[in-house]
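The structure appears right after this line, and notes come after that.
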Amino acid sequence: MVEEVNALAEEAKRERLEELAPDRAAELDAERADEDDGDGQVLPELPNADAVAEVRMRLAPNPNGPWHLGSARMPAVIGTYKERYDGWMLCRFDDTDPETKRPDLDAYDEILEAIDYLGFEPDEVVTASDRLEIYYDHARRLVEAGGAYTCSCSGEAFSELKNRAEPCPHRDTDPATTLEEFEAMVDGEYDAGDVVLRVRTDIEHPNPAMRDWVAFRMVDTPHPRDEAAGYRCWPMLDFQSGIDDRLFDVTHIIRGIDLQDSAKRQRFVYDYFDWEYPEVVHWGHVQIDDYDVKLSTSTIKALVESGELDGWDDPRAPTIASLRRRGIRGEAIVEAMIELGTSTSNVDLAMSSVYAKNRELVDDETDRAFLVRDGVRKQLVGGPARAEPPVHPDHPDRGTREIPVGDAVLVEPDDVPPNGSRVWLKGYGPVRHTRDAFEFTGEDIEIVREEGVDVVHWVPADESRPLVLRTMDGDETGRAEPGVADYAPDDLLQFERVGFARVDRHEDDESVAYFAHP
RNA sequence: GCUCGCUUGGUGUAGCCCGGCCAAUCAUAUCGGCCUUUCGAGCCGAUGACAGGGGUUCAAAUCCCCUAGCGAGCACCA
């Protein structure tokens with residue numbers, strides 16, 4: 001009620017302010033928007049964002065495998081900017097290498113699913129390997145403008161000349177001849193390595209990385225996509241991506257420092273066409289702690305193929321699919337990624353940060369349950385026949401769980417009190433460890449508060465359900481209270497004093513859950 | 001080797017462009033307290049950083065130089 005009045009008053013003040021000082025009102029809105037972005041860091045403003053009618057960005061994944069956790073940074077940051085500026089976002093599959101980074105046909109859809117899981121939706125999706133004719137056309141125009149030449153030097157020979165800032169003999173090739181040879185490249189009349197199309201930049205450029213780079217090369221291996229399998233002449237990333245960014249009116253490019261020099265290289269092409277280069281933001285590499293597996297598509301692929309990992313969603317794999325299966329929300333990953341900001345230095349993402357975000361998101365709606373790992377069996381003497389702990393301690397209205405006790409319980413080895421000591425079986429009551437049994441003492445909960453009796457979780461020894469908990473450190477076996485069998489796959493549970501887990505499946509004799517985090 | 005970039009507590013980040021309000025922000029982490037039938041949540045508190053060295057200045061995390069460390073590019077990979 002008070003809040004309501006406050007809100008109303010706030011609204012009224014806001015309106016009044018609008019009349020008196022519209023500028024100040026807008027400022028306040030901006031501040032409020034920043035605050036709403038989360039309780040942690042907020043991404044910095046994009047350079048010159050207000051100079052464009054619409055902020056247009058692109059995700060440019062290489063579909064050579066499913067995404068690892070580092071890949072999430074791209075949609076997280078770009079997607080968040082899209083929302084902030086009410087902008088536009090393209091997903092462009094840069095799949096122009098049929099050989100070395102050969103596309104994986106399943107990855108296209110898997111990547112789109114990952115983007116969706118993270119909570120974003122591209123406004124348009126295109127595939128570079130569908131657009132070869134467009135790149136060819138632009139190559140022809142570039143040649144006509146004197147911006148490129150065909151070169152049949154071997155890679156080593158050219159590299160040697162280049163490092164001495166000396167032109168190769170083909171640099172003088174005139175546009176007409178170049179065009180002829182380029183058409184032959186397009187027609188597939190050469191084999192890989194025979195000839196390339198080079199951009200004529202500045203052979204004496206102080207940075208050797210800038211000197212006459214390759215725009216197109218021949219690839220003998222057919223592209224895995226049927227639509228593109230007929231092409232042999234493929235553009236290099238710097239050419240393809242540079243052209244596409246312009247054709248889609250991209251205003252802001254956000255990418256990794258490995259592509260630091262790309263902008264400088266592409267500018268040579270832009271200059272020939274008299275185009276203006278978009279704004280660029282670079283970020284450093286991300287490493288993720290807590291994993292033994294390296295954050296690399298090829299490494300993970302190898303481990304999956306060799307069977308060391310069950311699949312891309314093995315809990316030990318640092319992949320998006322894995323976190324998803326563990327029941328972690330895409331939003332938690334995004335928030336953690338946003339906090340990394342966009343600095344060009346390399347960063348370590350702490351998984352605890354992802355976990356903290358996720359806990360915040362799911363804690364309130366996640367039901368509680370007991371799971372005992374490595375249970376020690378104790379005979380129970382006396383006491384009620386059933387326990388009724390709450391489904392969620394903060395929400396009594398959600399009811400209670402009915403746990404039949406039977407005549408023995410299981411507790412975790414560390415929770416067994418010394419002989420003669422008491423322990424409180426959570427949701428059930430106080431017991432004393434006597435010889436090899438737990439004897440119900442019937443004392444009041446006061447002993448927990450005033451005498452420091454520990455509260456532990458437990459399950460009935462006989463009526464509990466076997467459960468495998470898959471964790472990053474391997475599988476753990478245990479027994480859960482019978483009620484867990486009623487939860488559907490994908491449901492989240494908090495195993496009290498163990499942690500959050502996602503119910504994966506129920507098999508005949510056991511249930512399987514994936515551990516998310518404490 | 002050539003070219004470019006980076007370096008704030010355990011981790012990430014703000015501040016650096018436009019030097020003073022920075023004995024340095026926020027989050028996470030760790031530890032402690034309160035609360036509590038979770039080692040969860042919440043609340044309170046504590047811990048902990050300007051890579052090093054010079055210089056400019058009344059004043060430097062912020063500007064300049066040097067050193068060290070890290071990284072990227074110099075691929076017919078993306």
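Every chain is numbered from 1, with letters handed out A, B, ... down the list of sequences.
Considering only side-chain N and O atoms, A:R359 lies under 4.0 angstrom from the phosphate OP1 or OP2 of B:A41. Here A:T96 reaches the OP1 or OP2 of B:A78: one of its side-chain N or O atoms lies under 4.0 Å away. Contact check, A:T366 against B:G40: no side-chain N or O comes under 4.0 Å of OP1 or OP2.
Side-chain contact between A:L340 and A:R73: present, with at least one pair of heavy atoms (C-beta onward) separated by less than 4.5 Å.
The same atom, C1', is picked in B:G33 and in B:C70; the two are 41 Å apart, to the nearest Å.
Closest approach to the A:V347 side chain among B:U28, B:U13, B:U3 is made by B:U13 (side chain taken as heavy atoms from C-beta onward). Looking at the side chain of A:N207, the nearest of the listed nucleotides B:C74, B:U11, B:G73 is B:G73. For A:M236, whose side chain is taken as the heavy atoms from C-beta onward, the closest listed nucleotide among B:G12, B:C77, B:U36 is B:C77. Taking only side-chain atoms of A:N346, from C-beta outward, the nucleotide of B:A78, B:G71, B:A75 with the closest atom is B:G71. Side-chain proximity of A:K101 to B:U11, B:A78, B:A75: nearest is B:A78. Comparing B:A72, B:U37, B:C76 by their nearest atom to the side chain of A:R217 picks out B:C76. The side chain of A:Q494 sits closest to B:U38 out of B:U38, B:C2, B:A29. The side chain of A:V455 sits closest to B:U37 out of B:A72, B:U37, B:A78. If you check B:G40, B:U11, B:G73 against the side chain of A:P208, the one that comes closest is B:G73. Closest to the side chain of A:K264, from the set B:U38, B:C4, B:A72, is B:C4.
Ring planes of A:H457 and A:F370: tilted class, angle from 30 to 60°.
A:S343 and A:S345 share a side-chain donor-acceptor pair at under 3.5 Å.
A:I257 comes within 4.0 angstrom of the backbone, heavy atoms only, and of no base.
Across all strands shown, B:A29 forms a Watson-Crick or G-U wobble pair, both distances under 3.5 Å, with B:U47. For B:C70, the paired nucleotide is B:G5, the pair qualifying as Watson-Crick or G-U wobble because both relevant distances are below 3.5 Å. Base pairing of B:A24: no nucleotide in any strand meets the Watson-Crick or G-U wobble criterion (both distances under 3.5 Å).
In this structure, A:R502 fails the cation-pi test against A:F515, since its NZ or CZ atom is not both closer than 6.0 Å to the six-membered ring centre and inside 45 degrees of the ring normal. With A:F93 as the aromatic partner, A:R225 does not meet the cation-pi criteria of under 6.0 angstrom to the ring centre and within 45 degrees of the ring axis.
Judged by distance alone, with hydrogens and angles left aside, A:R368 brings a side-chain donor or acceptor within reach of the base of B:U38, the pair sitting under 3.5 Å.
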